[in-house]
Structure formats: C-alpha cells, structure tokens
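A short worksheet on the structure shown next.
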Protein chains: 2
Amino acid sequence: MQKHPGIKDIARIAGVSIATVSRVLNGNSYVSPELSERVLKAAGKLGYQPNRIARGLRKGKTNTIGFLIPDIENPFFSAIVKGAENFLRKYGYTILLCSSAGKAEREDELLNVLYSHKVDGLMTVPLESQNPYLERIEKLSVPVVVIDDIINQKNISSVASDNYSGMKKLMQYLLDTNHRSFAFLSGDPHTYSGKERLQAFRDVMVQEKEKVEYEILLGTYTFSSGIEMLRKLRKIPDAIVCGNDMIAFGVLTELQKLHYKIPNDVSVTGFDDVLFSKMTNPPLTTVRQDYYMMGRVAAQLLIEDLNYKKRNSILLKTELVIRGSSRG
Amino acid sequence: MQKHPGIKDIARIAGVSIATVSRVLNGNSYVSPELSERVLKAAGKLGYQPNRIARGLRKGKTNTIGFLIPDIENPFFSAIVKGAENFLRKYGYTILLCSSAGKAEREDELLNVLYSHKVDGLMTVPLESQNPYLERIEKLSVPVVVIDDIINQKNISSVASDNYSGMKKLMQYLLDTNHRSFAFLSGDPHTYSGKERLQAFRDVMVQEKEKVEYEILLGTYTFSSGIEMLRKLRKIPDAIVCGNDMIAFGVLTELQKLHYKIPNDVSVTGFDDVLFSKMTNPPLTTVRQDYYMMGRVAAQLLIEDLNYKKRNSILLKTELVIRGSSRG
DNA sequence: CTGTTAGCGCTTTCAG
DNA sequence: CTGAAAGCGCTAACAG
C-alpha cells in the first residue's frame, strides 16, 4: 500500500465503515468512544491527510480563496496578501494567488481560472478604479472584496485607505509650517488612490487660493517618473508634494544631484511610508497607510460575507509621519 | 437554472451525451464537426467553466503548485514567486501560496495543508538550510524544488545563486582597489546564503592573510542589525562588507550620522542589489542576484520533474555592480 | 465516432 | 449510534 491512505484504509484497519471514519474525523456527529479511538489510532498510524479535493467536490466548498493582484513583487500588494493570509488561515482557508502583471485582459482570464478552481471567495486589487471586470465578478456569484478601491455597489465589500483625508492632513501641516508655493507630482490618476490624493491637493489649493501658488504634474508611481517630473518643474517651490514615496525618492535623488539642500531649500513629501522612507537622507516626511491591515480587514470582510452574507465598505485611517525632509 | 452550468447542462442543450461534451472540451478524441459545433455553442451560451475540483479528483491532477516561503512581504521572496508564477501559468498551473512567517513549526503544518490540497508539485524557500522538514517532503512523494538552497539528495531539485563566487568577486575587486582592512557584517549564518557569503569572505582573508586585517560580526539580514553591528566595530576599516543590502543601508545611515564620508573615509558594500540600492546616497556597490530568474528556473525544474521525472540542481550566476559607495 | 457506465475520495441522507 | 448507498462533476474505459 504505497498509495496515499484514504478513508477506506482507515475503515479497514479500524474495522468500521467509512461513514464512521468520516464522522470521527469531522467530529460533528456522535460516535462511541471505542470506535472513535480505533479510528483515530488507525488514522494516526497511516499518517492520514484528508483529500480536500474530494471533500471540496462533495461539500461544494474548497476552503480556498482566490487572490488577484496587479503585481506580487510590489511590496504594497504583497503586504496586503500577507495580512489577508494570516487572517484567513485561522479560518482554514488557503490562498490561490494570481497576478495580472498589469494587464487588464489577464484580470479577466485569471478570474475564470480562479472561478474554475471553485474558490469560496475572491479578493482583488483592481488595476484601475471602476474596472469593468468587476461587473463580471458579480455574475460569478462568489463573495468578493475589492481592495484599495471603494465600490458603491452594495453587493460587493471593499476596503481602502482614506487617501483623501490623508493628503489633506499633510497639506494642512505644510501650510501650518509656512509653505506657500507647491508642486504636486501625481502618480497614475486612473487609480483610486491617485484620484483621491490629487483631488485633496486641488481642493486645498482652491480653498487657500489667495495665499498659495502651485503647479501639478502627472506621471506614474515610480522612481524614474519622479525624476522626470522634477525636471519639468517650472520652478522649485517651497514644497514638492509627491503622489507616493517612490516618486519622492526620485525627487530626492535628483534634487541632491542638483545640489539643493533638503529641507532648507525645499521640502519634499511622499505618501505610503514604505520601509525605505525612514532610511533616506534625509528621512522622508510622508503619510502612512497600513497595507498589512488593509489585507487583514479585507479578509475579515470576506469572512463576514462568507458566513453571514454581510457586505461592507471600510475606509482605513492614515497617519501623518513627519521626518527630516520637510522643514517644520 | 441559476446554478453554475455543468457538462450535463451542455449535453442536454446540445442533445448529446456528457461523454461527447467532455471529449469536445478536452479535444483529445475525435468528434464529428456537427456535434462538436453544437457542444461548443451550448458551452459558450452557458458561459461554461470547467469544474477543476471535479476534474482534479478524477484525474488525480489538480494543476496547482504549492508554494511555501518564509515571508511573502519580503521582496526577495515575492520576486521569486512572481518569476515562478509567470512561468507556471503557461503550463496551466495556479499557485497555492502559504507563508510560514518565519516559524519552523508552520512549515510542517503548511506542508500538510498543501499536500491535502493535492498540489501537483511543491516549491519552497526553506527557513534554514538543511531543514529537517525536507525529509518529510520526500515521503510525500510529490515533486519538489527547493529554492535558495542547494540540496544534495538527488531526488529533489534545487536552485540558488552562487553566493560564494559572488562574494569572492566582490572581495577581489576590493583588493584590487587597494582596500586592506575589512569588516564583514554577516547576516544569519544558519541560512544557505549566509553561510556561503561568510565562507567566501573567510577564504579570501586566509588566502591574503599577509596583507590584510579583518574582523567578523554576526547579525541578521536587517537594517537595524546593520546599525548595531557597526557600533560594535572596534575600528572603521577600509571597507565594510555587508551580508546583504539591508545591512548596508543600516551601515550607511549610521556612518553618515557619525559624519564619515563615503567612500572617501570608508567603502561600504552590500549583496542582492535590491531596488533601493541605486537610490541611496551614495548608491551602493553590491552583488546582484536575480530573484525573479531564480523563481523562473525553479518553475522550469519543477515542470521537468513533473513531465519527465528529471531532477537537477542549478547555481545561478551573480554580477558585481560597482557604484559610488566604494572607492575605486 | 458516440453513448453508457463506473468510479476518483469524501460527506450525508436514510435505514436500521 | 452505525452502516449502506447515493452522488458532487468530471474523465476514461468499454461497448456499440
């Protein structure tokens, strides 16, 4: 018997029926102590591990959750996955992971793959806000939670950081510390976070329009885009407000190459507070969002949907982190 | 009929038997064009997606690969996962991901979970070199490839970077540029990479013992460990050779706080070449290892094992990357 | 070429 | 409390 042991083998050794074995192993129905013990002993001896595929087929529940993200290598997304995984494992779920590599058509394809694997639920960080593939998800009739985007359809749960108020907090701090001219180097404005951060900046500028001046540049959430946008700036303002930390790193590097003193000549700020933000020289003033928590909350929402059919949308608080890259 | 359509539904609509439907959908047996078309049309209309759980049970093959790593949030590991995933998907595999969170007992537990899900193969980055749980993997009789560690048992494939010769290359460069006193700030010496890098450093020191002096400190692969080890240094040498880039970042930060000029007063080197190594000030001289490629090669090895039962162990080349943190 | 049928390993009625 | 038997959705003999 070199094949992996099954419930049948246990039954034979313990001298009981397979039904009894199943009952003992699942512990949801009463079985006499004697039989119970015999079964457990046999299972232990064989090193039995249940076949979740067979169980999944029978029960219509696989204990797997599909995870669809743009890029697993990006620490933001992987932190989300980590947060979610730690939570989901407590409930016996394992993650089926797919990354769309930034391609929209992949999202669709992978959605089918995941569905095909009969995942019990789905978690996704969409490539773009209001992604049309979300409509398809609905039809799949599998519980979903969308991450880093807020969905208004009430049959889908979602979770995101409060990018808008985070950026407002940051701007308020800069205004309070007598910054009056600004440049906003935006990340991709098609994303939810890009939209919200940009909008917050604009709203503050409009509100304070008598005392401030500013310019806005659009780019992507990358180091090199930060460098490019900096070069296009018409003038170096009091503060350069970057769409995220990566952009800020590019800006920092380029400014130093041009012999600007930070923060004496110009303040630079980021958004996200990634691991390296505290290691730059000077360390970066930024807005922290907790990606790990985002994954955790997302998992929690999914569990609630799975167990009680409750849906919800949650906005996570952000925190202003003041470091040396801004004069205060 | 709100339930998800199955092969039966297609058969009914197309007016054929379920066997015919299966044959058409799998395309491995000849079916007359007429029936074929009717089946395809029905499948399309229903938006049929095969139930991989049922198929898996029947065929004894799930098209899933289990992935077990210490920490998904760590960019090294997630790059490996990404490389592997991109390759595996071409072959129709999806990844079941688990991270052990650095705990050895979790590795064992998760191994069972993965096994229970009847994965067709397993990829793992072990917490420690020569981890005992590798023995257990053998018994599972499922193809395995171990990553970032070289396994000598020939029934298991493995892949790692050539840490030893990478470190030697780096040391040779430092010697060639007239560095004569060294400090080696090691990462965890229980890991395969830690061992190899340390050994290479030692071997070079012994070989050049007449002209050099050095000290060795043991720590972990972290920013804060880098700072700590630097503080314990008895003297600042010509070159501080760090076990990886993270340690080097800590060292860089702390040295600058102490007003050392880099590389004029002291050279600092890393290992890995993470994304941020080119963004530090000065940018870091380091040894690049290609994690993405490591994942890809690992996937390739797994596919070979799966298809032809061929096993292999591969050592990946590393590349010396000279930047501003070392005087040359 | 096509249909009928027997399971894959497990859970869950349904009888006893 | 326990066993026999049905069946989850699909594939693969086996007949025709």
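Values reported hereafter were calculated over all heavy atoms of this structure, with side chains retained and with hydrogens, waters and symmetry mates removed. Order of the sequence lines fixes the chain letters, A, B, ..., with proteins taken first and strands second; residue numbering starts at 1 for each chain.
Looking at heavy-atom distances under 4.0 Å, Thr20(A) makes contact with sugar-phosphate atoms alone, never a base. Nucleic acid contact for Ile18(A): base, since at least one base atom lies under 4.0 Å from a heavy atom of the residue. When heavy atoms are screened at a 4.0 angstrom cut-off, Gly6(B) is found touching the sugar-phosphate backbone but no base atom.
Place Asn51(A) and Val16(B) on DNA chain C by their nearest nucleotides, and Val16(B) ends up nearer the 5' end. Heavy-atom distances to DNA chain C give each of Arg58(B) and Ser36(B) a nearest nucleotide, and the one nearer the 5′ end belongs to Ser36(B).
Partners of Arg38(A) by side-chain contact (heavy atoms from CB on, under 4.5 Å), not counting sequence neighbours, listed by chain and number: Ala14(A), Val16(A), Leu35(A).
Annotation: side chain to side chain donor-acceptor pair (under 3.5 Å) contacts involving residues 98-109 of chain A, sequence neighbours excluded, comprise Ser99(A)-Glu85(B), Glu107(A)-Asn131(A), Asp108(A)-Arg136(A).
Side chain Arg23(A) to base dG3(D): a donor-acceptor pair is found below 3.5 Å.
Arg52(A) places its CZ atom 18 Å from the C1' atom of dC8(C), with the value rounded to the nearest Å. Rounding to whole angstrom units, NZ of residue Lys8(B) and P of dT4(C) are separated by 13 Å.
For dA12(D), the OP1/OP2 oxygens have no side-chain nitrogen or oxygen of Ser22(B) closer than 4.0 Å. Between Tyr48(A) and dG9(C) there is no side-chain N or O to OP1 or OP2 distance below 4.0 Å.
Atom NZ of Lys309(A) has 12 or fewer neighbouring heavy atoms from other residues, nucleotides or ligands inside a 6.0 Å radius.
Between Leu40(B) atom CG and Leu25(B) atom CG the span is 7.0 Å, to the nearest 0.5 Å.
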